Student: 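Pasting a structure below so you can have a look.
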Amino acid sequence: MSAAISTVESAPPVGKLRSMSPDWIRLKLKLDDMSPLITDHPGSAVLLRRLERADLADAALCLAAHALPPREAVWWACRCARHAVTAEGRLPADIAAGEAAEAWVRDPTSAHRARAYAAARRAQFQSAEALAGLAVFWSGAEATLSMPATAAAAQLSQTVENAVRMASFRGAPQGRPLRLHHFLESARDIDQGGAGHLPPANEA
């Protein structure tokens with residue numbers, strides 16, 4: 001990749017990804033202020049694309065998880081978990097946790113939140129689907145009883161990041177770069193109002 005980023009790079013249409021603060025970018029993405037990726041202060045959609053082009057897909061994954069709104073972020077985690085399935089398949093408890101998280105995205109009521117958390121707990125918080133359900137918990141008032149709302153929101157984003165990262169390691173190790181690419185394409189689609197669907201898993 002060229003050391004310089006063109007200032008006339010076309011930006012994608014305005015979507016749902018929120019811009020992250022310079023401090024967040026430095027701490028979470030470990031990018032120096034002088035990095036050509038961020039010297040022109042790009043929005044998250046542009047930065048997401050630049051990170052992937054610079055072979056920083058894991059940093060792009062982190063950015064997407066934290067920049068997407070809560071419901072969209074949980075939906076993304078659910079999409080990625082469905083896409084990445086090992087040869088052994090998914091355990092029933094994990095399937096139930098993923099479906100409960102998806103139900104909350106479609107209808108974000110306190111009842112669906114409670115069901116998603118209960119399903120994630122039954123799955124022992126040990127899978128991408130279970131972590132998607134745990135992320136749902138951080139969206140509710142219950143999560144803010146012991147911490148500020150901003151801290152609960154950060155926990156939701158971090159849990160989504162962990163879920164998607166866990167899903168990316170499912171299957172053959174050599175297939176992970178392609179899985180990450182598909183995951184980031186899904187995040188971009190969700191950013192623009194799409195459903196974030198993914199192609200059939202490729203275990204090659």
Side-chain angles (χ1 to χ4, degrees), residues 1 5 9-31 35 37-38 40-84 98 101-102 104-105 108 127-136 138-139 150-171 175-199 201-202:
M1 192 185 82
I5 299 293
E9 177 183 9
S10 60
V14 175
K16 298 181 179 183
L17 288 167
R18 65 189 178 96
S19 294
M20 309 306 290
S21 72
D23 285 344
W24 186 93
I25 290 172
R26 283 193 295 270
L27 291 173
K28 290 290 290 185
L29 303 185
K30 296 179 172 56
L31 292 177
S35 167
L37 296 172
I38 60 172
D40 60 338
H41 309 291
S44 289
V46 171
L47 181 55
L48 188 71
R49 186 170 57 200
R50 290 179 182 177
L51 288 167
E52 187 174 15
R53 288 177 179 172
D55 294 325
L56 298 171
D58 279 289
L61 183 159
C62 174
L63 174 63
H66 291 261
L68 282 169
R71 286 174 66 193
E72 285 82 353
V74 172
W75 182 254
W76 183 47
C78 292
R79 295 293 88 200
C80 294
R82 276 185 178 269
H83 172 79
E102 291 177 10
W104 173 82
V105 173
S127 66
E129 293 86 354
L131 290 181
L134 179 58
V136 171
W138 291 115
S139 73
T150 53
Q155 285 285 355
L156 186 155
S157 299
Q158 185 61 56
T159 306
V160 166
E161 179 187 344
N162 293 343
V164 177
R165 198 175 304 284
M166 182 178 289
S168 76
F169 282 103
R170 288 177 173 171
R176 187 170 185 262
L178 181 60
R179 283 192 291 277
L180 283 172
H181 172 71
H182 288 324
F183 288 179
L184 295 174
E185 285 291 310
S186 175
R188 278 187 279 267
D189 183 50
I190 292 170
D191 170 50
Q192 294 301 311
H197 291 307
L198 289 148
N202 183 352

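All values below come from the heavy atoms of this structure, side chains included, with hydrogens, waters and symmetry mates left out. Just so it is clear, the structure is predicted and the values come from calculations on it, not from any experiment.
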Student: With sequence neighbours left out, write down each residue that passes side chain to side chain contact (heavy atoms under 4.5 Å, CB included) with P42, or none if nothing qualifies.
Tutor: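 Partners of P42 under the side chain to side chain contact (heavy atoms under 4.5 Å, CB included) test: I38, D40, V46, L47, R50.
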
Student: Determine the minimum heavy-atom distance between L48 and A60, stating which atoms define it.
Tutor: CD1-O, 3.1 Å

Student: Would you indicate whether the side-chain heavy atoms of L51 and L29 approach each other to under 4.5 Å?
Tutor: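 Yes, close enough: below the 4.5 Å cut-off.
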
Student: Indicate yes or no for a side-chain donor-acceptor contact from S186 to the backbone of H182 under 3.5 Å, with no hydrogens or angles considered.
Tutor: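 Flag not set: sc S186 to bb H182 has no pair under 3.5 Å.
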
Student: Working to the nearest 0.5 angstrom, can you tell me the gap between S21 OG and L27 CG?
Tutor: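 Rounded to the nearest 0.5 Å, the OG-CG separation comes to 8.0 Å.
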
Student: Please give me the minimum heavy-atom distance between D191 and A45, naming the atom from each residue.
Tutor: OD2-CB, 4.1 Å

Student: Considering all heavy atoms of both residues, which atom of S168 and which atom of L180 are nearest to each other, and what is their separation?
Tutor: CB-CD2, 3.8 Å

Student: Restricting to non-hydrogen atoms, name the atom on V160 and the atom on A73 that form the minimum distance, rounded to 0.1 Å.
Tutor: CG1-O, 3.5 Å

Student: Kindly state each residue pair satisfying ring pair (Phe, Tyr, Trp, His ring centres under 6.0 Å) with at least one member in residues 40-65, sequence neighbours excluded.
Tutor: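 Ring pair (Phe, Tyr, Trp, His ring centres under 6.0 Å) check on residues 40-65 returns no pairs.
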
Student: Using the test side chain to side chain contact (heavy atoms under 4.5 Å, CB included), find all partners of S44 that sit at least two apart in sequence or belong to another chain.
Tutor: L17, M20, L63, A67

Student: Would you confirm whether H66, through its side chain, and A154, through its main-chain N or O, come within 3.5 Å as a donor-acceptor pair?
Tutor: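 Such a contact is absent between H66 side chain and A154 backbone.
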
Student: Taking salt bridge (charged side-chain N to carboxylate O under 4.0 Å, His left out) as the definition, give me every residue that meets it alongside E102, ordered by chain and number, with sequence neighbours left out.
Tutor: R79, R82, R106

Student: Looking at residues at least two apart in the chain, or sitting in another chain, which of them share a salt bridge (charged side-chain N to carboxylate O under 4.0 Å, His left out) with D58?
Tutor: R165, R176

Student: Quick check: do E185 and R188 have side-chain heavy atoms less than 4.5 Å from each other?
Tutor: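 Sidechains of R188 and E185: in contact.
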
Student: Nearest heavy-atom pair of Q192 and G15: which atoms, and what distance?
Tutor: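 Answer, listing the atom of Q192 first, then G15: NE2-CA, 3.8 Å.
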
Student: Any idea which heavy atoms bring A135 and T159 closest together, and the distance?
Tutor: N-CG2, 3.7 Å

Student: My understanding is that only residues two or more places apart in sequence, or in another chain, count here; which of them pass side chain to side chain contact (heavy atoms under 4.5 Å, CB included) with N162?
Tutor: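 If we apply the side chain to side chain contact (heavy atoms under 4.5 Å, CB included) test to N162, skipping adjacent residues, the hits are L131, Q158.
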
Student: Going by side-chain hydrogen bond (donor to acceptor under 3.5 Å, both in side chains), name the residues that satisfy it together with S139, two or more places apart in sequence or in a different chain.
Tutor: R113

Student: Among residues two or more places apart or on two chains, list those pairs meeting side-chain hydrogen bond (donor to acceptor under 3.5 Å, both in side chains) that have a residue in residues 69-78.
Tutor: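 Of all non-adjacent pairs touching residues 69-78, those that pass side-chain hydrogen bond (donor to acceptor under 3.5 Å, both in side chains) are K16-E72.
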
Student: Just so I know, are the side chains of S127 and R170 near enough to count as touching, which here means a heavy-atom distance under 4.5 Å?
Tutor: yes

Student: How many angstroms lie between atom CG of L56 and atom CZ of R53, to the nearest 0.5 angstrom?
Tutor: 13.5 Å

Student: Got a sec, which residues hit side chain to side chain contact (heavy atoms under 4.5 Å, CB included) with A167, two or more places apart in sequence or on another chain?
Tutor: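 Side chain to side chain contact (heavy atoms under 4.5 Å, CB included) check on A167 returns C80, A84, A128, F183.
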
